[in-house]
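The sequence lines fix the lettering, A, B, ..., with proteins before strands; numbering per chain opens at 1.
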Amino acid sequence: MQAGTKAGTKASVGDMTVEKAKWIYKKMQEIRQFENTVHGIFEKGEIPGFVHLYAGEEAVAVGVCAHLTDSDNITSTHRGHGHCIAKGCDIDGMMAEIFGRSTGLCKGKGGSMHIADVGKGMLGANGIVGAGLPLSIGAGLTAKVKKTDHVAVCFFGDGASNHGTFHESVNMAAIWKLPVIFVCENNGFGEASPFDYAAACDRVSDFAKAYKIAGETVDARNLQDVYEAAGKAVQRARKGEGPTILECLTYRDYGHFEGDTQTYKDKDVQEHALQENDPILRFQNYAKTNEWLSEEQMKAIDAEVKTEIEHAVKFAEESPFPEPSQLTTDVYVSY
Amino acid sequence: MQAGTKAGTKASVGDMTVEKAKWIYKKMQEIRQFENTVHGIFEKGEIPGFVHLYAGEEAVAVGVCAHLTDSDNITSTHRGHGHCIAKGCDIDGMMAEIFGRSTGLCKGKGGSMHIADVGKGMLGANGIVGAGLPLSIGAGLTAKVKKTDHVAVCFFGDGASNHGTFHESVNMAAIWKLPVIFVCENNGFGEASPFDYAAACDRVSDFAKAYKIAGETVDARNLQDVYEAAGKAVQRARKGEGPTILECLTYRDYGHFEGDTQTYKDKDVQEHALQENDPILRFQNYAKTNEWLSEEQMKAIDAEVKTEIEHAVKFAEESPFPEPSQLTTDVYVSY
Amino acid sequence: MAKQMTYSEAINDAIRLAMRKDENVILIGEDVAGGAEVDHLQNEGAWGGVFGVTKGIVEEFGRTRVLDTPIAEAGYMGAAVSAAATGLRPISELMFNDFIGSCLDEVMNQAAKFHYMFGGKAKVPLTIRTIDGAGFNAAAQHSQSLYALFTHIPGLKVVVPSSPYDIKGLLLTAIFDDDPVIVFEDKTLYGMKGEVGEGFYTIPFGKAEIKRAGKDLTIVGIGKQVYTALRAADQLAKKGFEAEVIDPRTLSPLDEDTIINSVKKTGRLIIVDEAYPRCSAATDIAAIVGDKAFDYLDAPIKRVTAPHSPVPFSPPLEKLYMPSPQKIIDAFSTMVGDNVFTTV
Amino acid sequence: MAKQMTYSEAINDAIRLAMRKDENVILIGEDVAGGAEVDHLQNEGAWGGVFGVTKGIVEEFGRTRVLDTPIAEAGYMGAAVSAAATGLRPISELMFNDFIGSCLDEVMNQAAKFHYMFGGKAKVPLTIRTIDGAGFNAAAQHSQSLYALFTHIPGLKVVVPSSPYDIKGLLLTAIFDDDPVIVFEDKTLYGMKGEVGEGFYTIPFGKAEIKRAGKDLTIVGIGKQVYTALRAADQLAKKGFEAEVIDPRTLSPLDEDTIINSVKKTGRLIIVDEAYPRCSAATDIAAIVGDKAFDYLDAPIKRVTAPHSPVPFSPPLEKLYMPSPQKIIDAFSTMVGDNVFTTV
Ligand SMILES: Cc1ncc(C[n+]2csc(CCOP(=O)(O)OP(=O)(O)O)c2C)c(N)n1
Ligand SMILES: Cc1ncc(C[n+]2csc(CCOP(=O)(O)OP(=O)(O)O)c2C)c(N)n1
Ligand SMILES: [Mg+2]
Ligand SMILES: [Mg+2]
């Protein structure tokens, strides 16, 4: 760790440069504000369809994607906004997509559950639990066949870890030594079912041993822990040393989907999660205590993000809905 | 172990009574002779369809089913003849089924890959790899809901252990503490693909730890080892102590299916498997050395079985094919 | 005695009645109760499914008979199949019919085929409840209406109830039927109110209902599309054309007779089906009627369906995607000669 | 230049040509090579699939491009989907089409929908090769012909080649097509010999082939059933009726024009399809033609299909299960009046 002379001037903490730390902080803020904003608009009834928010889990997507480039691919879930933002998707395009507008990243055809940006290596949010797991294998396979050093990251939930595709995918990645990182976002619940009930294992990473691959569980309320573990996993993958199961213990601040009454949640745990366990708050405190990012720097970022998100909402609201002619285009490349 | 005065008079060896030993020996012989006979007839072109033979793996089905009653259920695989015989299915009915005759256990509608006898707790051979795993959960669930002490045994291959249903099923059995024994018949190959290639794990039973259930691997060339381990697993299941993964290391004497050239097999291993590692030979030697079943007793059983199998072939050959009217019966109970 | 109930309440009622009547009936699926092993919950206030349809059932029957499963459709559906074959009568919920991709084998190769493959010796009295339908902006993976896939498969029975009254009676028939049955609950109907008989009653499979009598045109509406058909019929009536509207209620078995008899009278048939158009229930009915009522047809049989496209998310696109009274009227116009209907 | 080849050899040839032409083409599936990591095998003498169709391909292209997978259909099919989306052109073998139960999601909700859901921004140039067809006594779980399920699903292309010449050209089209395509290889055709063009050629999708010209009846035969249709046509010719026999070659897209133009000429249509009868390709074609060629039809469109039943194992039952020339002739008899054909 390098010493700095005053707050916000350290060149790096651990492996993390100040540049990276700023990027990370901004991405986390983008996700948080994006989700809070969508939450508010959804409540007013202005957003159609099913919406699953990522607030509270920011450190996972951001801590992992901090190690990736546009050439690396990620697969995502129904709770995909955070992954999109962390992977660099355009926020205006995302918001417009959620609003169902023609300027959306998918021209309004996909919606919240299907935001994708293949050019950015974001292979799509996915409405099917467990579907992203095999998809990550394909991206890893392409890297292997084409002999690039690109990696594939599979974000999936604790609930998804009980799906058969988890086993099939991890096994294939292991026998083929694919550059895939299986990032389990263990937020304790699949819908209204607790992980402790639905999964026999103590930790999803416990399976790593049987597959003879690397596995680790981190407290994903600490961005740094995710960042560090993901860094090692990505490095292993790039060097051809095979896959990793990286389990991130996290918490979803909102309900399973917008409209969920969340009766199954423990009030105390929720309170702690929203207060001292909040990953953004913790990162702020850490950055301050370590004289790494200053309060002012972070406030400036907050404000910048606020403007961005407001812009996105305005962009979405002012964008037109798709033309009727769009109904049956894009079914096939050619037919 | 009780001492006996002359060969074939010991009351028991270990937990196994002489009665049981005779039953076991006979069942193993029935399977072996049944399969050898089917092999011969298939070569002559008299049996239609796909046929997968169980010869060499007898100790698994028999060692496990020795602990079961008709009220216990088993699920099976494409390689199901051995499970059927061990579970007490009628041999005439089986052979007739394989011949496609109306007197077959399924009236000729199922064939080798679909022999079933629900009354005997045999829930069907199954042409779909991995399908038996969830089916075993249902049988276990019925036992739990109805509060009986019946158990369900799932026979599945090493190849099937890579299918998603393995994970989904073991997990469910574990969280619900179901009376299910997952018997993996690890014969080293799924079709022409070696287990060592297709599965990342060293042993299928290695997964037990992550699921926090009992798991064990036995050398299934020794009937006694299977018998003992299965006995404990069945007992645990009956007492409500949950599932077990019991991996049985075995060998298939014939090809994957009849017609397979088996170029992928190691000649040395094959030779050992057919000679000193043969489970029937080993059982014979053990029974003799321990003065438990005499050579004559076993020869008498061999002869008895020979007659049975000959009878079955005759029965099958002389049985009529199904009537045309049978084509569309049994699609529904009522429609 | 009848009572006003929503479609959702009618389902809840049917399940409770069945579970009271026969202790072998169990309910299994993802969050059909919700909150398993959550200390403070004690079953009260548990979800009861993603739309709350099975709310309260776990309180009455407990968690041995109301089983929350892991997200493992192949696993629990396969379990339901053999639970049925070994003595229970499971009601297995496939949350959205779109998720059949995770458990088609258990439905198509196991449940549907056991009885036949095993020479009639096994029975699979399994009821699968599942949610279908577009109109909720749930996008391409949560809006499909996949009943055609199941109607294709021999061994399955396929039920598409359109009203609170029907869903209760048909669901009870399904639960006590000895064959595997899949019941499609259109998500946009859950809130619909209607008269529902009190207590236990069943509606036989393979009996269509004539929702409206008419002599000029027969319209078959599948699932909620029967209402689109009825709205079109109202508009047609204003122009002096009387449409007979038929709700088939079950697609397998299909009540061919009621449809054919109607067509013999009207000479014209439109099938309204929001599912994909190819190899669909619409083409199925068209082919059957086109064959068996050929001599009675005055015009080609028309199908008003979704386009050959996934379901779009964006609300205006989804609206365009769906059948509408206007599309039915347009189809009728081409059947009777374009001029008749230019103004509607 | 043409050459005699079996259907199986034509497939092998097509795959090799594609893999030589474009290094992004890979072959993936269970035992498509066989014997992975078996020391003594060195790729020679490896299986090349359960019927040996892809034999020798691993020797030419090595195990990086010819990938044996674990028995994990969802896993490797999903992998193939995203490998396609990220720059490869995978040929993924689903050993038997019956196994779609283990990976329908990857095909229906992922491969078929990516392009649409993502607003045209993703492409999935994936070819799925799979085996269908009854006639081999392979029983209920290995004999289905499930192309209707895929034809139902928008976003997929569905190919049903009936000859060595066609399978080679259609498979090459599939491999270099930018959409997901599923190609059905009838297991009973693998040994069939026929003329096959040498070198690289493609056959466009959506172009049916008229196998035999005629003016009295149109028979559409799907997959190998085109031969049943041709045999029936021969027998009909003896009675003075000239049947036009059409092989659609692809079901999605479907060459409606060729079929409709034929029916406009003949006034009669029989569709021969060994698949299940409900919501099938047969009903699909019947509905489309019944609509668009209504005024030209002299008789109802008949479908000669399997009964609504799983495929039976027992050889005589399976024979009865299948379409036959006699069943086609019987259907024709009812179309033209019973007396015409009592003696055939
Ligand atoms: C195959 C499938 N089954 C069920 C669902 C319904 N569903 C959507 S999200 C969800 C819970 C997922 O839990 P988890 O994987 O832990 O992700 P989280 O929502 O907690 O982020 C379920 C069951 C689905 N979309 N797909
Ligand atoms: C879902 C599915 N995938 C593939 C197959 C084809 N297949 C039949 S048996 C077999 C190998 C099974 O290997 P294993 O489970 O080890 O059983 P074994 O044959 O060795 O007894 C395969 C791949 C199938 N029947 N079902
Ligand atoms: Mg979760
Ligand atoms: Mg094996």
Pairing residues for A:D158 by the side-chain hydrogen bond (donor to acceptor under 3.5 Å, both in side chains) criterion, not counting sequence neighbours:
none

Hey, are the side chains of A:P48 and C:F313 touching, using non-hydrogen atoms and a 4.5 Å cut-off?
yes

Residues from residues 47-58 of chain C approaching chain A under 4.5 Å (heavy atoms)
C:W47, C:V50, C:F51

Closest approach of A:N162 to C:P70 (non-hydrogen atoms, all atoms of both residues):
CB-CB, 3.8 Å

Is A:Y335 in contact with chain C via its backbone, its side chain, both, or neither, using a 4.5 Å heavy-atom distance?
side chain

Heavy-atom closest contact (A:I128 atom, C:Q141 atom, distance)
N-OE1, 3.6 Å

Does any backbone or side-chain atom of A:D330 lie under 4.5 Å from a heavy atom of chain C? Answer side chain, backbone, both or neither.
neither

With A:F99, which residues qualify under ring-ring contact (aromatic ring centres under 6.0 Å, His included), at least two apart?
none

Contact origin within A:A199 toward chain C - heavy atom pairs under 4.5 Å:
neither

Would you mind reporting whether C:M95 and A:E191 have side-chain heavy atoms less than 4.5 Å apart?
yes

Which atoms of A:I98 approach chain C - backbone, side chain, both or neither, heavy atom under 4.5 Å:
backbone

Please classify the contact between A:K265 and chain C as side chain, backbone, both or neither, with a heavy-atom cut-off of under 4.5 Å.
backbone

Proximal component of A:H114, with respect to chain C [non-hydrogen, under 4.5 Å]:
side chain

On a heavy-atom basis, which atom in A:A160 and which in C:I71 lie closest, and how many Å separate them?
N-CD1, 4.3 Å

Look only at the side chain of A:T263 and the backbone of C:G45, and say whether a donor-acceptor pair between them is shorter than 3.5 Å.
yes

With sequence neighbours excluded, residues passing side-chain hydrogen bond (donor to acceptor under 3.5 Å, both in side chains) with A:D206
none

Structural part of A:F257 lying under 4.5 Å from a heavy atom of chain C:
side chain

